[in-house]
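Just the heavy atoms: all of them, side chains too, but no hydrogens, waters or symmetry mates, feed the values below. The residues of the chain are indexed from 1 along the displayed sequence.
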Amino acid sequence: MAQMNFGGVIENVITRDEFPLEKARETLKGETIAVIGYGVQGPGQALNLRDNGFNVIVGQRKGGKTWEKAIADGWVPGETLFDIEEAASKGTIIQYLLSDAAQIEVWPKLKPYLTAGKALYFSHGFGITFSDRTGIIPPKDIDVILVAPKGSGTSLRRMFLEGRGLNSSYAIYQDATGKAKDRTIALGIGVGSGYLFETDFKREVYSDLTGERGTLMGAIQGILLAQYEVLRENGHTPSEAFNETVEELTQSLMPLFAEKGMDWMYANCSTTAQRGALDWMTPFHDATKPVFAKLYAEVACGNEAQRSIDTNSKPDYREKLEKELKALRESEMWKAGAVVRELRPENN
């Protein structure tokens with residue numbers, strides 16, 4: 001375990017050099033990893049583990065798009081693809097990668113297969129942290145662990161195929177076997193983590209829910225839309241408004257500050273852009289920090305978790321979700337985005 005200095009704060013991280021893939025394979029030798037769920041995180045983690053040489057099976061409800069997707073990805077019914085209960089009975093490590101709402105629904109069926117010595121693995125601390133609301137309370141004689149890749153399953157798989165890694169947090173909630181940490185780190189390396197940093201289930205879910213609703217998804221859409229609307233209201237065309245709001249950010253500037261930081265990106269822009277960015281940074285910070293503080297408080301008190309449970313458990317959830325996503329997709333800004341993407345040189 002290496003100690004890294006993050007702006008004066010020392011954190012423990014585990015890298016591939018310290019815990020190489022060969023060690024991960026040896027650690028999990030004789031284990032059967034049952035990936036339960038083949039929706040968002042399941043495919044990326046299962047395929048990366050399989051390609052890295054681990055013994056992996058998939059558990060998924062029979063029929064439907066995700067079952068067929070698993071078959072298309074090379075999982076064989078009756079050999080490496082089973083219904084959820086059969087996969088859980090075969091697995092010594094059960095990766096519980098269903099959606100939070102589905103985890104609540106399936107838990108009574110899964111729990112009987114969590115026999116002594118097994119490991120229950122999560123990629124989100126939701127079910128355990130809010131157990132009073134989810135009812136997910138594991139037996140005391142199993143390991144309960146977490147590896148949470150900091151990105152979507154699609155990104156995890158794409159970066160793996162490119163020979164890169166997506167950083168992940170890890171946590172141990174319950175160590176019944178004395179092997180929980182080694183199991184966790186081996187799985188983290190196996191799914192394709194760039195490096196692993198330590199957390200706990202509560203901190204993972206609090207930061208994750210805040211990030212999703214904040215700069216990763218909710219806030220970024222809100223800010224982009226606000227700027228786009230102001231430009232359009234002042235006579236700028238959809239193409240100009242989209243390029244100045246989204247395209248330049250994602251295609252030109254994000255790669256720069258991903259590479260070497262925000263100061264590097266600033267240094268590679270005009271002096272006029274630098275001056276304006278430095279001057280307006282503080283007003284935007286001061287305007288939005290109270291919103292983030294309110295958001296974190298809503299996460300910490302459980303209100304956001306309850307809203308998710310209540311909404312995502314309704315029978316018509318998927319139908320209503322698609323309507324909301326359709327409205328987003330068909331908004332002027334993202335219609336303009338579709339045209340701009342089509343005009344990128346790689347598409348012509």
Side-chain angles (χ1 to χ4, degrees), residues 28 31-46 48-49 54 56-60 84 87-88 91-111 113-114 117-153 156 166-177 179-193 196-212 299 302 304-305 308-309 312:
L28 299 182
E31 301 262 27
T32 298
I33 304 166
V35 176
I36 306 300
Y38 209 72
V40 177
Q41 279 289 334
Q45 294 201 32
N48 289 0
L49 284 164
F54 296 88
V56 188
I57 61 175
V58 170
Q60 179 59 40
I84 289 173
T92 59
I93 296 172
I94 297 173
Q95 294 195 190
Y96 205 28
L97 301 183
L98 296 166
S99 69
D100 295 324
Q103 284 186 15
I104 297 169
E105 178 189 345
V106 172
W107 179 249
K109 301 175 184 177
L110 182 78
K111 191 173 180 181
Y113 300 102
L114 299 175
K118 289 192 176 187
L120 178 62
Y121 165 115
F122 294 87
S123 284
H124 191 25
F126 191 101
I128 295 292
T129 300
F130 301 111
S131 59
D132 58 328
R133 301 164 190 261
T134 66
I136 297 176
I137 302 173
K140 295 294 184 183
D141 54 2
I142 66 168
D143 295 340
V144 182
I145 60 180
L146 174 146
V147 174
K150 296 298 103 181
S152 70
L156 182 72
L166 187 64
N167 299 331
S168 302
S169 60
Y170 77 92
I172 298 159
Y173 179 78
Q174 194 167 279
D175 183 3
T177 66
K179 303 185 297 181
K181 184 173 183 181
D182 283 347
R183 277 171 145 177
T184 305
I185 303 306
L187 288 162
I189 297 298
V191 301
S193 302
L196 294 140
F197 60 95
E198 192 172 9
T199 187
D200 59 43
F201 275 63
K202 181 185 286 188
R203 283 192 289 135
E204 191 285 327
V205 75
Y206 283 15
S207 61
D208 189 71
L209 292 181
T210 300
E212 290 168 346
V299 169
E304 279 299 306
S308 293
I309 292 169
N312 298 353

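Contact record, I36 with A87: CD1-CB, 4.0 Å, taken as the closest heavy-atom pair. Pairing each heavy atom of L97 with each of G42, the nearest pair is CD1-CA, 3.9 Å. The two residues L166 and P149 come nearest to each other via the heavy atoms CD2-CB, 4.1 Å. Taking every heavy atom of both residues into account, I309 and R133 meet most closely at CD1-CB, 3.9 Å. Nearest approach of V58 to A46, heavy atoms of both residues: CG2-CB, 4.2 Å. Heavy atoms only, all atoms of each residue included: I142 and L114 are closest at CG2-O, 3.7 Å.
Under the side chain to side chain donor-acceptor pair (under 3.5 Å) criterion, Y121 pairs with Q45, sequence neighbours left out. Among residues two or more places apart in sequence or in another chain, the side chain to side chain contact (heavy atoms under 4.5 Å, CB included) test is passed with S99 by A101, A102.
Residues S168 and S193 have side chains that bring a donor and an acceptor to within less than 3.5 angstrom of each other.
Note that OG of S131 is 11.0 Å distant from CZ of F201, once rounded to the nearest 0.5 Å. In this structure, L120 CG and Y173 OH are separated by 11.0 Å, a value rounded to the nearest 0.5 Å. Atom CZ of F126 is separated from atom CG of D100 by 5.0 Å, given to the nearest 0.5 angstrom. With values rounded to the nearest 0.5 angstrom, L156 atom CG is found 11.0 Å from N167 atom CG. Summarising the geometry, atom OG belonging to S207 is positioned 5.5 Å from atom NZ belonging to K150; distances are rounded to the nearest 0.5 Å. Atom OG1 of T210 sits about 8.5 Å away from atom CD of E304, to the nearest 0.5 Å.
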* Asked: Going through the checks in order, is the salt bridge (Lys or Arg N to Asp or Glu O under 4.0 Å) test met by R203 and D200?
  -> CA-CA 5 Å; R203 283 192 289 135; D200 59 43; 3.4 Å; yes
* Audit row: E105, L98, side-chain contact (heavy atoms from CB on, under 4.5 Å) steps and yes/no -> CA-CA 10 Å; E105 178 189 345; L98 296 166; over 6 Å; no
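Checked by atom type and distance alone, the side chain of S169 never pairs as donor or acceptor with a backbone atom of F197 at under 3.5 Å. Under the 3.5 Å distance criterion, the side-chain polar atoms of K118 are matched with a main-chain donor or acceptor of Y113.
Residues I145 and Y170 form no side-chain contact, since every pair of their non-hydrogen atoms from C-beta on lies 4.5 Å or further apart. A heavy-atom distance below 4.5 Å is found between the side chains of F122 and Q103. Taking the side chain as every heavy atom from C-beta outward, W107 and T134 never approach each other to under 4.5 Å. Between P138 and I128, the closest side-chain pair of non-hydrogen atoms falls below 4.5 Å.
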Less than 3.5 Å apart, which donor and acceptor atoms pair up between the side chains of residues 183-192 and the rest of the protein, not counting sequence neighbours?
unit_1: R183; atom_1: NE; unit_2: E31; atom_2: OE2; d: 2.9
unit_1: R183; atom_1: NH1; unit_2: G117; atom_2: O; d: 3.1
unit_1: R183; atom_1: NH1; unit_2: D143; atom_2: OD2; d: 2.8
unit_1: R183; atom_1: NH2; unit_2: E31; atom_2: OE1; d: 3.3
unit_1: R183; atom_1: NH2; unit_2: E31; atom_2: OE2; d: 3.2
unit_1: R183; atom_1: NH2; unit_2: G117; atom_2: O; d: 3.1
unit_1: T184; atom_1: OG1; unit_2: A180; atom_2: O; d: 2.6

